[in-house]
Amino acid sequence: MTRRPSPRRLRDEGRDALADRLVLVAGPLRGPRAEAEDAAALDALRASTPGVPAVRAHLPALPELLDLARRGTPEQTRRALGLLVEEHAPVPGGEPDPALHAVIEELLRHPRAGVRLHAHRASRALFDRAGHARSTMILLSDPLPDVVRMAVRTLGRASWEPALPELVRLLQHPKPVVRSAAREAVTGFGPAAAPALRRAAAHARPDRRSLYTDLLARLADSDAST
């Protein structure tokens, strides 16, 4: 049985030019993500070989990258997200592929916190302000308080009013760091936060009602002093 030449074997033999022209194709013994893995291997090989220009290998198509982001290991997912940002971010004013939204939303619920945060950072580059804010709202239900706090602060800085009902809900979060961030964010909305606070106060237990009425009073005092 004749062995096919590999890029590494060709370089060991000093046949660099031929190695650069070598294209690995799919076959019956290759896995579904083989093309993406080949691209990564060839990029690394070219970058690490002295005297060989760092020519980018053929990039996976969007569906393949999305599949790798969804099904790959955490490291493969992070690399796929990086390539999605580099190669498939929409032009200003353009709309991203709807499949991108679906994959990002799925990854924002990934069991690994690092993947969730990487997906959130990618959403900032891939989506417009509204799309990124909607992605951020998913993290308001994250199991880690620090991630929830980050999401609260992000939405507060953006003054994203559709998030107000969820931010008001977090005034009762079990973790003090989240409750504090939620109070700061809700207060930052000014009078726009009043309707959500009034609704929450109307439905709250008597012993919890002050969470909302105190903030309403603070907003009223702030409005009167301006």
Side-chain angles (χ1 to χ4, degrees), residues 33 36 39-40 43 47 56-57 59-171 173 175 177-190 192-193 196:
R33 294 193 294 273
D43 277 344
R56 299 192 69 175
L59 288 171
L62 177 60
E64 190 174 357
L65 274 178
L66 293 175
D67 184 67
L68 184 59
R70 178 184 284 116
R71 304 177 188 277
T73 65
E75 182 56 39
Q76 289 172 327
T77 295
R78 286 191 287 268
R79 183 178 184 276
L81 286 170
L83 288 174
L84 286 169
V85 169
E86 291 176 11
E87 304 296 333
H88 296 283
V91 297
E95 287 292 327
D97 191 295
L100 271 174
H101 281 284
V103 169
I104 292 295
E105 287 188 13
E106 185 176 330
L107 293 176
L108 288 168
R109 298 179 174 92
H110 194 277
R112 297 285 288 270
V115 173
R116 298 196 299 273
L117 291 173
H118 205 91
H120 182 250
R121 287 192 293 270
S123 77
R124 185 170 57 232
L126 292 170
F127 307 146
D128 60 13
R129 176 176 176 269
H132 179 55
R134 286 191 290 269
S135 296
T136 304
M137 286 185 64
I138 294 173
L139 295 180
L140 294 179
S141 300
D142 196 88
L144 295 182
D146 285 343
V147 174
V148 179
R149 179 177 59 177
M150 178 276 295
V152 167
R153 289 177 171 175
T154 299
L155 292 165
R157 286 194 297 267
S159 298
W160 183 249
E161 291 190 14
L164 269 169
E166 285 297 299
L167 296 176
V168 169
R169 177 184 64 81
L170 291 173
L171 294 171
H173 195 278
K175 296 298 183 180
V177 293
V178 176
R179 295 198 301 269
S180 176
R183 283 194 299 272
E184 181 180 350
V186 170
T187 304
F189 280 87

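What's counted below: heavy atoms across the whole structure, side chains too, no hydrogens, waters or symmetry copies.
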Do Arg79 and Gln76 have side-chain heavy atoms sitting under 4.5 Å apart? no
Work out which heavy atom in His132 is nearest to a heavy atom in Phe127; give both atom names and the distance. N-CB, 3.8 Å
Atom pairs and distances, donor-acceptor, side-chain atoms in residues 103-112, under 3.5 Å, two or more places apart:
{"from": "Glu106", "atom 1": "OE1", "to": "Arg70", "atom 2": "NE", "distance (Å)": "2.9"}
{"from": "Arg109", "atom 1": "NH1", "to": "Glu105", "atom 2": "O", "distance (Å)": "3.2"}
{"from": "His110", "atom 1": "ND1", "to": "Arg112", "atom 2": "N", "distance (Å)": "2.9"}

Point-to-point distance, once rounded to the nearest 0.5 Å, from CZ of Arg134 to OG of Ser123: 11.0 Å
His173 NE2 to Leu171 CG distance, which is reported to the nearest 0.5 Å: 11.5 Å
Applying side-chain contact (heavy atoms from CB on, under 4.5 Å), run through Asp97 and His88 and close with a yes or a no. CA-CA 9 Å; Asp97 191 295; His88 296 283; over 6 Å; no
Check whether any side-chain heavy atom of Val85 sits under 4.5 Å from a side-chain heavy atom of Leu81, and report yes or no. no
Could you tell me whether the side chains of His120 and Ser135 share a donor-acceptor contact shorter than 3.5 Å? no
Determine whether Pro60 and Glu87 make a side-chain contact, defined as any pair of heavy atoms from C-beta on separated by less than 4.5 Å. no
Does Thr77 reach the side chain of His118, with side-chain heavy atoms less than 4.5 Å apart? no
Could you give the side-chain donor-acceptor pairs of residues 181-189 under 3.5 Å, partners two or more places apart or in another chain?
{"from": "Thr187", "atom 1": "OG1", "to": "Arg183", "atom 2": "O", "distance (Å)": "2.7"}

For residues 146-163, which side-chain N or O atoms pair as donor and acceptor with protein atoms under 3.5 Å away, sequence neighbours left out?
{"from": "Asp146", "atom 1": "OD1", "to": "Arg149", "atom 2": "NH2", "distance (Å)": "3.2"}
{"from": "Thr154", "atom 1": "OG1", "to": "Met150", "atom 2": "O", "distance (Å)": "2.9"}

